[in-house]
Each structure stands twice: as structure tokens, then as C-alpha cells.
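Every chain is numbered from 1 and lettered A, B, ... according to where its sequence line falls, protein lines coming before strand lines. Remember, it's a predicted structure, so these values are computed and weren't measured experimentally.
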Number of protein chains: 4
Amino acid sequence: MPSHHARLSKSSLKQLREEVLEANLELVRRGLVLYTFGNASGIDRDKALVVIKPSGVPYDKMKPGHLVVTDLDGRIIQGKLRPSSDLHTHLVLYKAFADVGGVVHTHSEYATAWAQALREIPCFGTTHADYFHGPVPVTESLPEHEIAGDYERNTGDAIVRRLRDRSAASIPGVLVANHGPFTWGPNARTAAHNAVVLEAIARMAFLTTTINAEANAIGKPLHDRHYLRKHGSAAYYGQTKEPK
Amino acid sequence: MPSHHARLSKSSLKQLREEVLEANLELVRRGLVLYTFGNASGIDRDKALVVIKPSGVPYDKMKPGHLVVTDLDGRIIQGKLRPSSDLHTHLVLYKAFADVGGVVHTHSEYATAWAQALREIPCFGTTHADYFHGPVPVTESLPEHEIAGDYERNTGDAIVRRLRDRSAASIPGVLVANHGPFTWGPNARTAAHNAVVLEAIARMAFLTTTINAEANAIGKPLHDRHYLRKHGSAAYYGQTKEPK
Amino acid sequence: MPSHHARLSKSSLKQLREEVLEANLELVRRGLVLYTFGNASGIDRDKALVVIKPSGVPYDKMKPGHLVVTDLDGRIIQGKLRPSSDLHTHLVLYKAFADVGGVVHTHSEYATAWAQALREIPCFGTTHADYFHGPVPVTESLPEHEIAGDYERNTGDAIVRRLRDRSAASIPGVLVANHGPFTWGPNARTAAHNAVVLEAIARMAFLTTTINAEANAIGKPLHDRHYLRKHGSAAYYGQTKEPK
Amino acid sequence: MPSHHARLSKSSLKQLREEVLEANLELVRRGLVLYTFGNASGIDRDKALVVIKPSGVPYDKMKPGHLVVTDLDGRIIQGKLRPSSDLHTHLVLYKAFADVGGVVHTHSEYATAWAQALREIPCFGTTHADYFHGPVPVTESLPEHEIAGDYERNTGDAIVRRLRDRSAASIPGVLVANHGPFTWGPNARTAAHNAVVLEAIARMAFLTTTINAEANAIGKPLHDRHYLRKHGSAAYYGQTKEPK
């Protein structure tokens, strides 16, 4: 029943558009983006289609229909607007990490400051350990020919290279050198949530290192305890079902 | 008249639920918590029952009925949701300090930064002296076996150990090393109020030490004067009765 | 016509109550006060009566009738509530400076941080020069017997001593050591305005000294030029009459 | 048809008044100005008339009719209020840069702090590179006779001198030493937008240099890539037409 299937497809893409729009708006509500900065996307793995924010459109005028649908090579499948100029960075991440369902990029101020300072964010406490199973890494700076070449794609590759020995689930974000954070998650909503939390972690790390320039990262036992009480197979944070 | 007594009990627990919910919401209004971070609880000393925030439930959907009632050993007496994962830290404090009626834990950013920097907050001025009769202490880091063991209970014990020579009334909060602040008071409302003030104190101390790395704590006479004008038997701050 | 005079008096005190309430609320709107911190007052020079905020009353419940009227010795003339515990500091300032019509005290965070750091705020730029004709001074710390004695009055005396060679008009505020700022002006509204501007000046000075620890105060020509274009006899900032 | 032409003229000036008012209000909405600080203006190049904010009028009472219209020598053509005291600085910029259609001056806190610290803002990352094709420069301090003389005009000349080897389009703003930022653009709206972005850049640069005092400016390839993807002839950021 292809017509039935087509309706279903339309319906699931419509839902994805709404989820991605909502993730973009969450960035605004939390103060992570200024004017048209930042972008969130989500992927429909079955159809191998990505829904992403259009480039340079004000958030307060953005409607689901403005979002752009592309395939994994960046060809526009639906939409009359240009996709975010960072589209190809998102696509590299979707191709590299099969468990990633949403990607977010912002220039949120504290995370961007660490990226500009070329310093990874040490895990100074349990807020960080609840989300990242290690420091928040910084990519290597791109060599000149990669900047001059396929810049956005090369940025994605630099993120993937930087994560190589870690899973995208345990390190849900990276700082792109001299640029800003990319975060991800199983869907666009969680990717945006992780962007918000990363900014809070970056802010507290800034304060910590200013109060005590010799502050040390926490030890592995405390880091593991917190990460695993939220994310391990024996997690005991949160609810197993939604409260009524 | 046991049925009358039961009604009264229900009624006072209902009121405690509302007070504890309100204390949790105060943390949101004052910007101390992000998403589902943080938790507030209150105790009914007569019934030896504690009302605490459920784990991982968004604040904007939280209703009095979502709060969890436990006994002092953490057994759930009422409620279908999991209690905050920090429940056992709260319980240790209620058992150790008979005059504590409410407990609050947050990851508020400036207080958490001092906790991450492993620096107690010196009393740099009268705002601090109005609330804390001494510096805001930091607990010792837990040894590995205490992290691996009954972690939340051991965190409570570390707070109690740190306060040993001081009363919980004169030092209404402590920074847990690499984690964040716990505050308390005669009820949940005051515990939340103290969490808000501690964050302001931590913020001003951050600024003070950044402006002048050699800044000193105030002397005992000024510290005593301010603490006692608000809290001593001859206090002359505030009203003896509510304004009409 | 004494009865007519009595009516006029009542009327002008009523207006003063409203002005002082409004000045207190301005501190809330601008984020200078937390909970019941801070206090504003105004004086009726003809009647030699001061209207001041009551102690410890929440701002959102404060009505003109809650304000307390005292004479210049602090005797309560009208009102059922205790006046602000800082009343006697205000009174000293009214007695010392005949051109002061309103006084404000806050624990606003950046100004308080400079007070806690025991550093006067250098005039780093024209925003400062537009309001203060010199650095923002810090009082000397009170000796122990002055703290133990008539503390609030002695605080006022320390402010007056610190200003001795300057006029209250050209230096509309002072930092009380380890405590916080007092500001003043021809009326309560301007005193509150000056408190808000002082906090902005303190914030920018904090940033300036953090960016460049060697930053210097501006020279006298620029300082004079800006102060005098707003305040001198040849001032050319603002309007000579209200816009319609 | 002179009467027709007069109507057109009136109409275009009316529109310019509204644009300039809107640019002034954008500064308020984005937290760049306090009380009556700051000012925005726009120019009608055909008529050689400038519309500028009046001096010292509260933003929340400002109406299009309060704005002042002057010629390029500062003679008031329309309006009953005094123009901003910084009028002559704006006029110098309009005369020096033919492609500038709007000018904004603020005392926004982070940009002002860099101006007070007498440090140009290095290009630490791509947010900066997206807007400024080089560091944000600081003017030289005015010598005493220029301060005593035609101060506002001399301030404009100092900005122009500082930009000499750069175009006003590629460096859309400058920090006036010990004073604050001036920004500009093809119209008042963009000048205000650039003021907002400059403040964000200044804030992130403050954080960057605090996290890492040795942080370096980005290299020319990355700087060019970002600046040119937004501004070059082959720009691919944003839309070529407005989304419906």
C-alpha cells in the first residue's frame, strides 16, 4: 500500500520538523543563541533524511515549513530555503555515529570561550560527570588547505577524529577549536538539552578555574559513580515511566 | 479519636507537601536549578516522615501529589515515583540535626564553583555575616570505598563530620566537595531561602577574590555584630510580627 | 490657618512616602536587592522628618503605609513597624549633608565586591566620570569599640569622614568597607538612580581590571569634561524641560 | 510637482524616524543601555539629513516625534528637543564614510570594559570573524587640547584616523578609548545589530582571555573563510530572499 506508506512518511517527517523546530526554539529560550546564530537538526534513519534549520532566518518567524529536508549527501529534498551553512558538519556526524538522532551547534558564550581558549573542559565536578564520561574535548585546528577546501565537512571530520576512542553516547559534545560547541543525542530534543547543560558546565568550569587556577579534575571513582547512576545499566536517577 | 487524628495527619502532610513543592519552585524562580537539577525536602518530626521531590521530574509539571513521602530509613510511605537520588543525604541531615526542618540541594553555579575549587567561602562581608556565623565549609572528598559504597549516605556523613564543632543553625549550609551546596533551616522554605542567599554570597565572594586575590575575611567583631543583630537573642532586624 | 497647614503637611508626607516606596521598588526592578535586602529613604527638610523602608518586609507586599516616619534623632513619628536597621546611618548623612534629600543602601553585588575587596573604584572611563567627580571611595574599617558601640551611627560617621574634602553632590556614593554601597541625591529617586549607575560602574570596573590588571584611571581633563558636560553650570546633556 | 515631492520627503523622513526609534529600542531590548545611555542615528543621504535620539529622554517615553533632525553641520532642522550630546561624533562618521547609513553608540558593559582597558579585541574565534575582518580597534586617547576643544567632533576624527587603512564596511565598529563602542552599518537597524553582536564578541573575548591569558587570535585563513562566507561576493550564509 504505497499510498498508505507515503502518508505515514509524510506524517513522520512532519513530526520530525516539529521536533527540530522545538529543539531550535529551546536554544532561544535558554539564551544560547543570538539573532540567527546556532542550528539544530534531526534525522529520520529509516528514510535517511535530515531536517535542519534554514540559514539566517529569525527564530521568532520560523515555522515548521521553513525547515529544510536533505538527504545524507546534502541534496535538498524539501524546502525552498537554503539550509544552515553548517549542514555538512551535521551530515558527517550522522554518518559517523549510528546512534545519533539529533545534532545542535551554537555559539553559546562560555562553551565558545573554552573553544576559543583551545582548552578542553576538565571534569571539575558531578554536574559534568552526570553528562560527560570524560573532559569535553577540543578539536585540532584545521590546516589551511582544509579551511580553504570543503570547510564544513572537514570540521565534521575533525570532530569525529577527536572522538575516535570514545563513543558519541558517552561524550555527547565537542568544542570545535576557535569556533564553538557541537552537541548531539538520540534525538534533536536531547541534543538541545545537552547543549544547554554543556553551557552550564562551561560556565561553572570558568568560575572554578578563576577561583582556583590549580583546581583538579575529579577522580575516576566519583566520575564513574555519577555518570553511571544516570546512564549505566543500573541507573537510579529519574523515573522509569512518566509521572501522571 | 483515631479517625480525627488520621484526618489531622493527612491534613498536615498535605500542607507539608505544598510547602516542599513551593520550596522547590522557589529554586526555579531564583535561577538556582536547570531542568530537573536540585531538590528540596521537609520533615514532619511528629510523624518522622520526610516529603521530598521525585527524581528527574520537570519542575513545571510537578504537583503536590508527585512528591514522595518516606520514613527516616528511606522506605517509601506514599507516592508512586522514585524519590530524589539524593534522598539518603537528606535523611542523614534530619537524623543528625534535630532542629533542621527542611533541606535543599542545588548545583547553583557560583556555590558549585567554590565546591569544585575545593575552597571554603571566606566571610568577606556583612551579607555573609548576616547568615553564616563562620566561613561556608567544604566537605572532605570521599575516599574511593565510600564512593563505591553507600554514596549518598556517606555524603551526608561527610557534611555532618564537617560541621561537627558548629551548630546547624549557625552554619546553615555546606559545600560538598566537587559536587555542590546543601543548605537547611527550620523548614523547607527557609532552607530554600538560604540556598538563594548562599548563591549570592558565593557570587560576591567570587568577585571579591577576583578583584583582590589578597582580600581578607572580616574580623570577629564585625562578623558577630551582624550575625547577632539578625539571629541573637537581642536581634533587631526585621519585625516581631507580620505587617498588615 | 493651622488646619489647612496640617492638611498640606499630611499631603506632602503622603507624597514623600510614595516617592520613597517607588525608590525602593526601583532597586528591585534593577536587580540590586534580594529578598528584603537594601533600603531607601527620603527627607522632608521643612518638617525635618525622614521616611524610610521598614526592616525585613518583602518588597512585593510593601505599601506606602508600611513606611516608617522618624525625626532626625530616629524617634518614630508615624508607623507601626520597625524602621530599617540602617536608619541611623541614613540620619547621619541627612544631618551632615544639607543638600541630600534621599539615601539608598544596597548589597548590590559588584559594588559590594569592591567594598569587600577594600578597593576604591578607579575612574576607568566616561560612564564613571559622568556621575562621580573622582574615584568611588571606601570607608576605613571601624575599630572594634565602634562596632560594639553605636554601630549604625558610627558607620554614617565613617562615610562622612571619608568624604570630608569632597561635596556630597560631586561624589554621590561611598562603599562601606566589607559591607556595601550607600548612595544619595537631591531626592530618593535620584539616590536610587545613582545606586543603579554605581552598580554598572562597579561591574565595568571589575571587567576592566580583569582584562588589564594595569589599567589606569583616566586623566583629569577627560574626567572634568564628562562630569561637567552633565553637571557643570554649562552642562549640555539632557533637556532643560520634559519632552511632551 | 514640488508639493508631491514635499510629501514624499516628509514620508521618507517619517520612515527614517521610525527606523531610528526602532534601532534605539533594540538597544534597550538587548540590555545594551541603562536609563538614557546610548544613542542611535540614521541618515537620509539624498536630503543630507540625520535623525538622532534626543539627549537624556527615557526610552520608554520616546516617540518618533521626539527624534531630532539635523543637517550634516548639526543645525537642527526639525524637533524641539536637544539632540544627543554625541551628535557631532555621528556627523563626522557620516561625512567620512559614504557607505554608512546608521550609527550607534552605547556604554554596553563588556565592550566598554575593553575600551577602558585600552585593549583592542583580538579575533579569538569565528563569531568575531563573521562580523569584523580584523580585531576591534581602540582609538588613541585624545590629547588635552582636543578634549578641551570640540570634544565630540574630535572623538569622531579619532575614530576615522584609527580606521584609516580599513573600510568602514569590513570593520563595523571601534572602541573609543576610556569611553565605549561606536558601531555602524548601511542603516540604523544594522548599526544596532552590530552593537549587539560586538557586545557578545567582547563578552566571549573577556571569558577567553580569562580562561587562557595566552590565547591567540585565529589565523588569517579561518578569519577570511568566515568573514567571506557571510560578506564576500560568494557568500553562502543566509537567504537571498525573505522566507514567507
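In this structure, the side chains of Y151(B) and R229(A) come closer than 4.5 Å at one or more pairs of heavy atoms. Looking at V197(A) and F37(B), their side chains come closer than 4.5 Å, going by heavy atoms from C-beta outward. Under the 4.5 Å side-chain criterion, counting only non-hydrogen atoms from C-beta, L142(B) is not in contact with L222(A). E109(B) has its side chain out of reach of F206(A): every pair of non-hydrogen atoms, C-beta onward, lies at least 4.5 Å apart. Residues I218(A) and Q116(B) form no side-chain contact, since every pair of their non-hydrogen atoms from C-beta on lies 4.5 Å or further apart.
At distances below 3.5 Å, at least one donor-acceptor pair connects side-chain atoms of Q239(A) with backbone N or O atoms of R82(B). Judged by distance alone, with hydrogens and angles left aside, the side-chain atoms of R119(B) form no donor-acceptor pair with the main-chain N or O of N212(A) at under 3.5 Å. Proximity of a side-chain donor or acceptor of R203(A) to a complementary backbone N or O of Y110(B) within less than 3.5 Å is not detected.
Of all the listed residues (S141(B), A113(B), G56(B), A205(B)), the one sharing the greatest number of non-hydrogen pairs under 4.5 Å with chain A is A113(B). Interface check for chain B: of the options D224(A), V196(A), N216(A), the most heavy-atom pairs under 4.5 Å are formed by V196(A). Per-residue counts of heavy-atom pairs under 4.5 Å with chain A were compared for G180(B), S85(B), G65(B), P83(B); the largest is that of S85(B).
Considering all non-hydrogen atoms of both residues, G238(A) and S55(B) come closest at N-OG, 2.6 Å. The two residues A148(B) and R225(A) make their nearest non-hydrogen contact at O-NH1, 3.2 Å. The two atoms that bring A215(A) and A117(B) nearest to each other are CB-CA, 4.4 Å, heavy atoms only.
Proximity to chain A is absent for every atom of E146(B), based on heavy atoms less than 4.5 angstrom apart. Neither the backbone nor the side chain of S84(B) comes within contact range of chain A, judged by heavy atoms closer than 4.5 Å. Heavy-atom distances place the side chain of H226(A), and not its backbone, under 4.5 Å from chain B. Heavy atoms of A235(A) lying under 4.5 Å from chain B belong exclusively to its backbone. If you measure heavy-atom distances from D130(A) to chain B, the contacts under 4.5 Å come from the side chain alone.
Considering CD1 of I121(B) and CD1 of I211(A), their distance stands at 7.5 Å, rounded to 0.5 Å. Remark: E199(A) CD to L34(B) CG distance equals 10.5 Å, nearest 0.5 Å.
A cation-pi arrangement is present between R30(A) and Y35(B), with the terminal nitrogen or guanidinium carbon under 6.0 Å from the aromatic centre and inside a 45° cone about the axis.
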